[in-house]
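See below for the structure under consideration.
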Amino acid sequence: MRATVADDLLGHYRTTARRLPWRAPPGAPRQDPYKVWLSEVMLQQTTVATVTPRFERFVERWPTVEALAAAPDEDILQEWAGLGYYARARNLIACARAVAARGGFPRTEAELRALPGLGLYTAAAIAAIAFGERAVVVDTNVARVVARLFALPGPAEGIREKAAAITPDAERAGDFAQAMMDLGATICRPRAPRCGECPVSAHCVAFALGTPEEFPARKAKAARPHRHGIAWWSERDGALWLVRRPPTGLLGGMAALPTGEWTDAVPDEARRAIAVVRHGFTHFSLDLHLVEADAPVGDGWWQPLERIDEAGLPTLFAACVAAVRSAGGLLRAA
DNA sequence: TAGACGTGGTA
DNA sequence: TTACCAAGTCT
């Protein structure tokens with residue numbers, strides 16, 4: 001009988017290095033659902049290199065979901081600062097408390113899917129990897145591998161159905177998911193795939209066609225506008241005035257400098273800027289003009305500048321502090 | 001359903 | 001420097 005995609009892929013996977021160092025080896029007993037959940041949420045749209053040290057710090061500080069659920073919001077948001085997509089951190093808090101309240105993680109994909117921050121991908125990944133369910137795990141890696149294996153024009157048509165068709169039994173579903181993602185990240189890459197090293201090239205229609213890179217079709221990206229904004233710099237006795245941003249929206253719930261609206265035109269106050277920070281978001285780029293304020297703006301607190309790293313500033317505002325520092329401005333007591 | 005939602009690394 | 005991309009989710 002002809003070997004399946006899963007047979008060939010898992011045969012290869014047992015002999016190669018895994019990308020997630022904290023995961024148990026193939027065929028190992030079930031993994032800690034807390035660690036699978038935490039790392040999968042962190043890995044949403046975020047690279048393994050970025051996540052690895054952050055994941056280790058989180059687990060060290062909060063070894064169980066009960067410990068995380070008991071932590072103050074601000075501590076968790078501070079630990080998340082710099083990781084981006086802060087709705088994940090807000091959902092992480094809500095999810096941890098829901099799980100602790102019900103006495104542990106649910107064990108099925110359907111129940112996991114109902115928890116905050118767990119979408120189609122993450123619920124399936126936890127069900128397969130932590131609980132040995134035959135869940136169909138489709139992330140961007142798997143979608144690309146499947147699109148090439150079956151030469152699907154994509155980006156979406158038929159991917160899930162084909163992924164379901166090649167997903168093996170429950171016993172191997174978790175290893176298969178991780179092997180597919182590792183394959184997509186290291187061999188079946190978006191550009192310049194290494195088909196010569198691919199354990200499933202014999203199954204691959206796109207490889208047979210000689211045009212693997214054509215699959216899946218890319219979709220056009222919307223243009224990214226450029227905006228301007230003011231951030232207020234207020235300093236007193238070696239402390240900087242910070243506020244907490246509204247709970248939803250951009251950088252929601254995070255510590256920040258007080259800001260105004262983002263606008264297309266350069267605001268008048270920008271003429272008094274002591275520094276300008278240029279920052280790129282997913283859907284727009286921003287010039288943030290730092291202006292000294294005579295009095296504190298909004299409800300907030302004085303954060304001692306020697307402990308500014310404890311505030312948990314997102315990268316945008318950490319860059320503001322660095323910009324003023326390098327401009328030799330203010331920061332008299334730092 | 002398409003846009004909102006961060007950040008850092010690579011080519 | 002710009003463009004693309006990363007173990008997606010929510011509305």
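Convention: sequence-line order gives letters A, B, ...; per-chain numbering from 1.
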Please examine the side chains of A/Arg278 and A/Leu286, heavy atoms only from C-beta on, and report whether any two atoms are closer than 4.5 Å.
-> no

For the side chain of A/Arg113, counting heavy atoms from C-beta on, which of B/dG6, C/dC10, B/dT7 is nearest?
-> C/dC10

With A/His283 via ring-ring contact (aromatic ring centres under 6.0 Å, His included) - residues at least two apart = none

Between B/dA4 (P) and A/Leu250 (CG): distance, integer Å = 11 Å

Grab the two heavy atoms, one from A/Leu118 and one from A/Ile126, that are nearest each other, plus how far apart they are.
-> CD1-CD1, 4.0 Å

Report the distance from atom CZ of A/Arg224 to atom C1' of C/dC5, rounded to the nearest whole Å.
-> 13 Å

With a cutoff of under 4.5 Å between side-chain heavy atoms, which Ile, Leu, Val, Met, Phe, Trp and Tyr residues group with A/Val276?
-> none

A/Arg172 bridged to A/Asp175 by N-O distance under 4.0 Å | no

At under 4.0 Å, does any side-chain N or O of A/His283 touch on OP1 or OP2 of B/dG3?
-> no

Thinking salt bridges, do A/Arg61 and A/Asp75 make one under a 4.0 Å N-O criterion?
-> yes

If you look at every strand shown and take non-hydrogen atoms under 4.0 Å, does A/Arg278 touch a base, only sugar-phosphate, or nothing?
-> nothing

If you measure from the Lys or Arg side-chain nitrogens to the Asp or Glu carboxylate oxygens, is any gap between A/Glu310 and A/Arg307 under 4.0 Å?
-> yes

Take atom P in B/dG8 and the same atom in C/dT9, then report the distance between them in whole Å.
-> 22 Å

Take the protein atom CZ of A/Phe284 and the nucleotide atom C1' of B/dT7, then report the distance between them rounded to whole Å.
-> 13 Å

Inter-nucleotide P distance (B/dA4, C/dA7), Å rounded | 24 Å

Positions of residues 178-201 of chain A (non-hydrogen atom under 4.0 Å from DNA chain C), listed by number | A/Met181, A/Asp182, A/Pro190

Atom CE of A/Met42 to atom C1' of C/dG8: distance rounded to whole Å?
-> 15 Å

Check every atom of C/dA7, C/dA6, B/dT7 against the side chain of A/Pro314 and return the nucleotide holding the closest atom.
-> B/dT7

A/His279 vs B/dT7: side-chain N/O to OP1/OP2 distance below 4.0 Å = yes

May I have the list of side-chain donor-acceptor pairs in residues 48-56 of chain A shorter than 3.5 Å, sequence neighbours left out?
residue : atom : partner : partner atom : Å
A/Thr50 : OG1  : A/Thr47 : OG1          : 2.9
A/Thr52 : OG1  : A/Val48 : O            : 2.8
A/Arg54 : NH1  : A/Glu79 : O            : 2.8
A/Arg54 : NH1  : A/Ala81 : O            : 3.4
A/Arg54 : NH2  : A/Ala81 : O            : 2.6

Can you tell me how far P of B/dA11 sits from CD of A/Glu213, to the nearest Å?
-> 13 Å

Spacing of A/Leu43 atom CG relative to B/dG6 atom C1', expressed in whole Å | 15 Å

Under the side chain to side chain contact (heavy atoms under 4.5 Å, CB included) criterion, do A/His279 and A/Ser285 qualify, and how do the steps go?
-> CA-CA 6 Å; A/His279 191 77; A/Ser285 55; over 6 Å; no

Should the pair A/Arg227 and A/Phe284 be classed as cation-pi, given the thresholds of under 6.0 Å to the six-membered ring centre and 45° from the axis?
-> yes

Under-4.0 Å side-chain N/O to phosphate OP1/OP2 contact, A/Lys221 with B/dG3 | no

To the nearest angstrom, how far is A/Lys35 atom NZ from C/dA7 atom C1'?
-> 19 Å

If we take the P atom in both B/dG3 and C/dC4, what is their distance in whole Å?
-> 15 Å

For DNA chain B, find the residues of residues 83-97 of chain A with a heavy-atom distance under 4.0 Å and give them by number; none if there aren't any.
-> A/Leu83, A/Gly84, A/Tyr85, A/Tyr86

Under 4.0 Å: is that the gap between some side-chain N or O of A/Gln44 and OP1 or OP2 of C/dG8?
-> no

Side-chain donor-acceptor pair present, A/His203, A/Asp8, cut-off under 3.5 Å = yes

If you look at every strand shown and take non-hydrogen atoms under 4.0 Å, does A/Thr122 touch a base, only sugar-phosphate, or nothing?
-> sugar-phosphate

Nearest-0.5 Å distance that lies between atom CD1 in A/Ile129 and atom CD in A/Glu40 | 5.0 Å

Select base, sugar-phosphate, or nothing to describe what A/Thr46 touches, counting heavy atoms under 4.0 Å on all strands.
-> base

Does A/Asp73 come within less than 4.0 Å of A/Arg97, counting only side-chain N to carboxylate O?
-> yes

Would you say A/Arg19 reaches C/dA6's phosphate, i.e. side-chain N/O to OP1/OP2 under 4.0 Å?
-> no

Listed in order of residue number, which residues of residues 53-63 of chain A have a non-hydrogen atom at under 4.0 Å from DNA chain B?
-> none

Rounded to the Å, how far apart are A/Trp80 CH2 and B/dG6 C1'?
-> 11 Å

Can you figure out which of B/dC5, C/dC10, C/dT9 approaches the side chain of A/Leu120 most closely?
-> C/dT9

Just to confirm, is there a sub-4.0 Å distance from OP1 or OP2 of B/dG6 to any side-chain nitrogen or oxygen of A/Thr315?
-> no

